[in-house]
Amino acid sequence: MKTNIYHITHTPATDSVSLRFWGCNMACLGCLCKEGIYDHLLKDDDQKYFANAPNAPERLLDLDQVLDRLDELNPRRIYLTGEEATLDPNYAAITKAFHEQFNSENVLYTNGFKMPSMDDTDSVEVGIKAITEELHQWYTGRSAEPVKNNFIRYARSGVRLTAASILIPGLVEIAEIERIAQFIAGIDRNIPYYVLPYFPAGENKWRKTKPEEVAEAVERVSRYLTNVSGCQGVKKEILHEVERVV
Ligand code: SF4
């Protein structure tokens with residue numbers, strides 16, 4: 001069975017693997033994939049391996065190939081990440097196979113635009129790019145409405161749900177992050193929310209987010225939500241070594 005998976009990494013310290021799926025239904029202007037389609041946390045040796053890699057995968061893996069490679073690792077947790085795993089026509093079969101073979105926690109990272117079968121997904125993190133319709137449309141090329149509706153459906157589905165947003169100076173400012181937090185709080189103020197920094201990618205004018213800007217956003221949105229964290233985007237936060245599998 002074909003999958004959209006093209007790259008797999010392993011983090012031994014957390015007994016987890018991360019699967020990258022090719023293809024997306026948004027076109028974010030600051031998408032990090034514009035700077036490279038392989039795991040940015042890889043060790044230097046692996047970075048060199050991908051130094052001259054193309055900006056699209058040369059091949060997609062069969063499910064049997066994925067299971068074979070994961071069998072050696074028997075991971076406790078499997079991250080289904082992107083671009084966008086929800087677009088894989090075999091998403092349900094893939095997550096079912098992971099449960100059956102590894103009894104893993106299957107964690108989906110998604111932009112929220114499409115909601116796949118949740119039968120074998122344990123946790124979901126929705127990356128909410130913006131909540132103001134015009135801004136979301138302009139930045140991603142898509143309406144925010146399906147994202148909002150699906151977020152509500154995820155919250156009601158019983159899956160472990162978290163949300164994250166990227167603070168982009170000059171575009172997705174703290175006021176917009178506050179609006180996103182208010183939307184989440186309207187559903188459940190205990191849903192964990194992560195404020196992430198922007199790393200420049202693509203042809204645009206936005207700069208990297210400063211740690212103090214993330215800290216201020218965390219403080220501001222903590223008025224609405226009980227569980228808010230920030231990532232400052234400094235090297236010491238990357239605690240574990242990541243290894244290339246495929
Ligand atoms: S949703 Fe994610 S993968 Fe898709 S274009 Fe936006 S940043 Fe890139």
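Counting from 1, the numbers follow the sequence of the chain as shown. In listed order, ligands and their atoms are each counted from 1. This is a predicted model, so every value here is computed, not measured.
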Nearest protein heavy atom to [atom], by residue and atom, and its distance?
| atom | value |
| --- | --- |
| atom 6 (Fe) of ligand 1 | Cys28 SG, 2.3 Å |
| atom 3 (S) of ligand 1 | Glu83 CA, 3.7 Å |
| atom 4 (Fe) of ligand 1 | Cys24 SG, 2.2 Å |
| atom 2 (Fe) of ligand 1 | Lys129 NZ, 3.9 Å |

Keeping the roles fixed (side chain from [X], backbone from [Y]), state whether a donor-acceptor pair exists under 3.5 Å.
| X | Y | answer |
| --- | --- | --- |
| Tyr224 | Phe183 | no |
| His7 | Asp39 | yes |
| Thr140 | Arg142 | yes |

Under 4.0 Å, counting heavy atoms only: does Glu84 come that close to any atom of ligand 1?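 The answer is no, since Glu84 has no heavy atom less than 4.0 Å from ligand 1.
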Confirm or rule out an N/O/S atom of Cys31, from backbone or side chain, lying less than 2.8 Å from atom 6 (Fe) of ligand 1. no
Option passing side chain to side chain donor-acceptor pair (under 3.5 Å) with Tyr91 (candidates Thr3, Thr86, Thr121):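 Running side chain to side chain donor-acceptor pair (under 3.5 Å) over Thr3, Thr86, Thr121 with Tyr91 returns exactly one hit, Thr121.
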Side chains of Tyr194 and Glu125: closer than 4.5 Å at any heavy-atom pair? yes
Just one of Ile131, Ile184, Val221, Ile177 clears the side-chain contact (heavy atoms from CB on, under 4.5 Å) bar with Ser165, so which one?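 The single option meeting the side-chain contact (heavy atoms from CB on, under 4.5 Å) with Ser165 is Ile177.
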Within the 4.0 Å heavy-atom shell around Asn111, which atoms of ligand 1 are there?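 Selected atoms, number and element: 1 (S).
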